[in-house]
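Every value quoted in this text rests on a predicted model; they were computed, and no experiment measured them. Only heavy atoms go into these numbers, but all of them, side chains included; no hydrogens, no water, no symmetry mates. Note that the numbering runs from 1 along the sequence shown for the chain.
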Amino acid sequence: MNTMIANRMSKSFLLILLLAFTSNVLLAQQNSSVPFDIEEDILLVQLDCKTDVDDIHTAAALFTLMNHPDFRAVLYIPVAGTYGVQEGLYVPPNDLLNLAFGKKWVDAHADREVAVKKVMKQVKKTLKSGGDVWIAEAGQSDFSALLIQEIEHALPEIVLSERVHIVQHSNWNEEVTASESLAFVKATIDYHKIPDGNAVGNGTPGFRTPGYELWQTQLTNPHLLAVWKMAVEVGLRYNGVEGRYNNEAVAQNGLDFSDLSEVCYILGLGEIKDTAEFFERFAQ
């Protein structure tokens with residue numbers, strides 16, 4: 001073996017080691033956070049509702065999951081209207097969220113400042129009692145930035161990078177977050193970017209499924225069935241209307257609750273494959 005070939009093989013070997021090391025570091029970073037503690041932590045599910053109707057279906061899926069016996073003890077708050085700088089009209093979720101969550105949800109569309117204060121009350125209690133804050137970012141990070149600033153001000157002793165976790169799944173959601181808000185959030189807390197929940201087989205559940213209508217027979221709980229019927233109706237009513245995003249899966253009488261992929265990641269349900277498996281496991 002001549003010297004040139006030996007040098008090339010040595011460099012190739014070092015490159016393979018470097019790539020393997022880098023992959024392991026990235027994997028370790030992705031899984032660096034402690035698991036969600038169902039007895040101590042709080043889950044915030046933040047829905048932008050602008051301009052895609054997928055958040056409407058995500059709200060119904062969240063209600064389904066939180067009503068399952070395995071997750072009824074989870075302390076959670078749905079927050080609507082957490083949109084960033086994207087253009088387009090809002091998809092009003094109020095009727096659906098009232099039907100599903102009663103007075104439990106918070107309306108950041110109506111008044112963002114008031115919404116931050118409402119969420120902060122429970123967040124403060126959780127952090128003071130030793131729990132962590134987990135945010136499923138079903139939208140942009142602008143609302144999260146305001147909340148984190150409030151935590152910094154009210155609880156300066158909290159190490160935010162250890163106690164506040166955000167899970168995001170969409171490049172588009174990051175792109176339409178105000179740049180200063182996204183930079184602040186990423187630099188301040190424990191930020192997880194996971195594979196997109198719109199696709200199947202990429203490491204997270206794929207919850208965007210055209211033509212999926214089996215839920216109508218799979219759901220027997222009257223409340224769950226009513227929530228899903230309203231979610232589908234609201235989705236079809238606003239999908240692509242007046243310049244809103246036209247979600248093709250919804251237009252084809254299907255479902256899109258792709259933003260629930262973040263919730264699944266947080267709760268340790270990342271092995272779920274798709275919409276069909278979700279309903280097989282959690283329909284009641």
Side-chain angles (χ1 to χ4, degrees), residues 26-27 30-38 41-47 52-78 96 100-101 132 134-139 165-173 191-221 223-225 227-228 231-232 235 247-250 252-284:
L26 291 174
L27 183 61
Q30 185 180 30
N31 297 314
S32 60
S33 294
V34 295
F36 182 86
D37 188 332
I38 200 169
D41 297 349
I42 186 171
L43 171 64
L44 308 179
V45 183
Q46 300 183 171
L47 308 159
D52 193 346
V53 299
D54 62 345
D55 289 320
I56 302 299
H57 290 187
T58 296
L62 174 67
F63 179 65
T64 303
L65 190 59
M66 293 296 99
N67 273 271
H68 190 273
D70 290 348
F71 300 106
R72 285 176 187 161
V74 172
L75 176 62
Y76 71 99
I77 302 176
L96 176 69
F101 305 110
D132 286 6
W134 292 81
I135 300 173
E137 201 79 278
H165 319 275
I166 286 181
V167 180
Q168 175 63 273
H169 86 120
S170 167
N171 290 334
W172 185 82
N173 282 336
Y191 189 93
H192 294 249
K193 181 65 177 293
I194 64 173
D196 200 310
N198 287 285
V200 174
N202 61 5
T204 60
F207 292 143
R208 186 176 187 272
T209 311
Y212 190 87
E213 299 180 278
L214 290 177
W215 60 270
Q216 298 180 61
T217 56
Q218 291 172 303
L219 294 169
T220 57
N221 180 303
H223 195 182
L224 286 176
L225 187 58
V227 166
W228 273 105
V232 169
N247 189 313
E248 294 182 0
V250 174
Q252 296 174 35
N253 294 315
L255 300 180
D256 183 351
F257 51 99
S258 49
D259 283 313
L260 197 77
S261 61
E262 296 106 328
V263 176
C264 290
Y265 177 90
I266 292 169
L267 297 180
L269 298 171
E271 80 285 356
I272 296 175
K273 179 184 177 182
D274 54 17
T275 299
E277 184 175 346
F278 176 82
F279 279 98
E280 287 168 5
R281 289 181 60 170
F282 300 112
Q284 299 177 55

Between side-chain atoms of residues 277-284 and protein atoms elsewhere (two or more places apart, or another chain), which donor-acceptor pairs fall under 3.5 Å?
unit_1 : atom_1 : unit_2 : atom_2 : d
E277   : OE1    : K273   : N      : 2.9
R281   : NH1    : E271   : OE2    : 2.8
R281   : NH2    : E271   : OE2    : 3.4
Q284   : OE1    : R72    : NH2    : 3.4
Q284   : NE2    : N67    : O      : 3.1

Heavy-atom side-chain contact between L47 and L62 under 4.5 Å = no
request  = Given ring pair (Phe, Tyr, Trp, His ring centres under 6.0 Å), test F36 with H165 step by step and report yes or no.
outcome  = CA-CA 10 Å; F36 182 86; H165 319 275; 9.4 Å; no
note = Result for side chain to side chain donor-acceptor pair (under 3.5 Å) between E137 and one of Q46, Q168, H169 points to Q46
request  = For L255 and V232, run side-chain contact (heavy atoms from CB on, under 4.5 Å): C-alpha distance rounded to whole Å, both residues' side-chain angles, the deciding distance at 0.1 Å, then the answer.
outcome  = CA-CA 8 Å; L255 300 180; V232 169; 3.9 Å; yes
request  = Determine whether more than 12 heavy atoms belonging to other residues, nucleotides or ligands lie under 6.0 Å from atom CD of E248.
outcome  = no
message = side chain to side chain donor-acceptor pair (under 3.5 Å), that's the test. Do T275 and W215 meet it? Break it down for me.
response = CA-CA 10 Å; T275 299; W215 60 270; over 6 Å; no
ask   = Do F101 and I77 have side chains that get closer than 4.5 Å, going by heavy atoms?
value = no
request  = Could you list the residues that satisfy salt bridge (charged side-chain N to carboxylate O under 4.0 Å, His left out) with D52, not counting sequence neighbours?
outcome  = none
key: Ring geometry between H192 and W134 (parallel below 30°, tilted from 30 to 60°, perpendicular above 60°)   = tilted
task = Spell out, as yes or no, whether a donor-acceptor pair under 3.5 Å connects the side chain of T204 to the backbone of P195.
result = yes
query = Does the D41 side chain pair with the main chain of D132, one donor and one acceptor, at a distance under 3.5 Å?
reply = yes
